[in-house]
Number of protein chains: 2
Amino acid sequence: MKSETLKLENQICFKIYTAEREITKLYRELLKELNVTYPQYLVLLLLWEKHSLSVKELGQRLFLDSGTLTPMLKRMEINGLVERKRSEQDERSVIVSVTKKGNALKEKAECIPSQLVDNIPMKKEELSLLNETLSNMLEQLQNHSK
Amino acid sequence: MKSETLKLENQICFKIYTAEREITKLYRELLKELNVTYPQYLVLLLLWEKHSLSVKELGQRLFLDSGTLTPMLKRMEINGLVERKRSEQDERSVIVSVTKKGNALKEKAECIPSQLVDNIPMKKEELSLLNETLSNMLEQLQNHSK
DNA sequence: AGTTATTAAGTTGTGCACAATTTAATTTTA
DNA sequence: TAAAATTAAATTGTGCACAACTTAATAACT
């Protein structure tokens with residue numbers, strides 16, 4: 001393995017680490033009006049689509065565990081965005097569903113993707129390629145970590 | 001703006017968010033032996049090169065502010081990896097320098113980049129392209145946030 | 001020189017993110 | 001069916017990450 005490739009990997013990891021924080025910063029601005037964080041927004045995106053999901057299902061889709069989700073969902077419940085209640089079929093499971101107030105944010109959030117794109121102007125082919133590359137990378141990473 | 005492009009952006013942001021955590025998880029494993037975190041490893045990479053840097057300089061290179069660095073550097077100091085002392089030229093500035101113990105970790109860390117590459121096997125051209133694309137994206141993002 | 005502005009760290013408070021463990025419910029199996 | 005294993009959340013503790021603010025030192029200006 002050539003040393004330049006090693007350095008490149010290191011650089012890419014640092015850039016992903018940095019890009020993640022810059023993207024989150026951008027979302028923070030866009031989401032300020034909705035009074036939600038980026039991870040909370042991700043939960044809402046799922047619940048706007050599916051209406052209600054268990055903590056486990058949320059975790060599988062977002063790759064987050066209950067140690068992260070439970071306190072976050074509690075904060076969202078306090079803010080009136082979601083409801084949490086034990087499943088009747090399986091008392092171990094907790095069903096999270098979006099409230100009327102949570103659903104109302106959907107409209108306000110409509111403009112976020114386009115605002116986001118305005119701030120990261122990239123050619124469509126470049127976006128597609130980046131998407132593809134990240135998918136491959138994620139597959140490798142996630143295969144390894146299980 | 002086509003809606004597919006909007007969705008793609010959203011997906012890419014989520015993938016970067018996810019990739020960052022997967023990469024950090026991988027580093028966590030590799031760095032376990034050294035008893036440092038990924039951000040601490042980044043500080044060490046700089047100090048192995050430059051020997052000593054101010055908090056401000058570290059922040060500029062890592063894009064982190066004193067609210068993140070100060071407590072982190074204190075933890076590293078407690079673990080004997082770095083020393084912190086006020087600059088004599090400018091008492092506002094704090095100079096962070098790597099200790100003998102911190103320098104000793106450099107040897108142990110030599111193998112990390114190659115181990116990392118083993119876990120993310122990608123073609124060199126793909127890596128270069130990803131590197132390029134991330135650089136462009138970061139430039140856009142960072143131009144906007146200042 | 002004395003006031004004002006700027007700069008560098010540090011502090012405080014909030015919210016992830018995750019390892020490790022605990023608790024309770026459900027499945028599996030002997 | 002009773003014991004063992006598995007599963008789903010919750011809890012506990014640590015470490016970033018960052019906004020907002022404070023403190024102290026230096027620089028700039030009148």
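Between B/T70 and C/dA9 there is no side-chain polar atom (N or O) within less than 4.0 angstrom of OP1 or OP2. When the side-chain nitrogen and oxygen atoms of B/R86 are compared with OP1 and OP2 of C/dA9, none of them lie within a distance under 4.0 Å. Look at B/R92 and you won't find any side-chain N or O under 4.0 angstrom from OP1 or OP2 of C/dG10. For A/Y17, a side-chain nitrogen or oxygen approaches OP1 or OP2 of D/dA17 to under 4.0 Å. Side-chain N/O atoms of A/R84 include one lying less than 4.0 angstrom from OP1 or OP2 on D/dA10. OP1 or OP2 of D/dT11 lies within a sub-4.0 Å distance of a side-chain N or O belonging to A/K74. OP1 or OP2 of D/dA9 lies within a sub-4.0 Å distance of a side-chain N or O belonging to A/S93. For the pair A/R28 and D/dA19, the criterion of a side-chain N or O lying under 4.0 Å from OP1 or OP2 is met.
When rounded to the nearest whole Å, the span between CG of B/L64 and P of D/dG15 equals 16 Å. Separating the NZ atom of B/K25 from the C1' atom of C/dA17 is a distance of 10 Å, rounded to the nearest angstrom. In this structure, B/L58 atom CG and D/dC16 atom P are separated by 14 Å, rounded to whole Å. The nearest whole Å value for the distance from the OH atom in B/Y27 to the P atom in C/dA19 is 17 Å. Atom CG of B/L73 is separated from atom P of C/dT11 by 12 Å (rounded to the nearest Å). Computed from coordinates, the B/M72 CE to C/dT11 P distance equals 16 Å when rounded to whole Å. Between B/K56 atom NZ and C/dT6 atom C1' there is a gap of 11 Å when expressed in whole angstrom units. In this structure, the CG atom of B/N79 is 13 Å from the P atom of D/dT14, given to the nearest Å.
Position along DNA chain D of the nearest nucleotide to B/D65 versus A/V55 favours A/V55 as the more 5'-ward residue. Taking for each of A/E20 and A/Q89 the nucleotide of DNA chain C with the nearest heavy atom, the 5'-most of the two is the partner of A/E20.
Within the nucleic acid shown, B/T68 comes within 4.0 Å of at least one base atom, counting heavy atoms only. Residue B/S54 is classed as a sugar-phosphate contact, given heavy-atom separations below 4.0 Å to backbone atoms only. Note on A/K32: nothing from the nucleic acid sits closer than 4.0 angstrom, heavy atoms only. Within the nucleic acid shown, B/L69 has no heavy atom closer than 4.0 Å to any nucleic acid atom.
Minimum heavy-atom separation, A/F63 to B/R21: O-NH1, 2.8 Å.
Linking Ile, Leu, Val, Met, Phe, Trp and Tyr whenever their side-chain heavy atoms come within less than 4.5 Å puts A/L45 and A/L31 in one cluster. A single hydrophobic cluster is not seen to contain both B/L134 and B/L129; linkage of ILVMFWY side chains at heavy-atom distances under 4.5 Å, directly or through other members, places them apart.
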Exercise. Could you give me the CA-CA distance, side-chain angles and deciding distance for A/S135 and A/E139, then say whether side-chain hydrogen bond (donor to acceptor under 3.5 Å, both in side chains) is met?
Key: CA-CA 6 Å; A/S135 295; A/E139 201 180 340; over 6 Å; no
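Between the base of C/dG10 and the side chain of B/S66 there is a donor-acceptor pair shorter than 3.5 Å.
If you take CZ on B/R61 and NZ on B/K50, they are separated by 5.5 Å, rounding to the nearest 0.5 Å.
Between B/Y27 and B/Y41, the two ring planes are tilted [angle within 30° to 60°].
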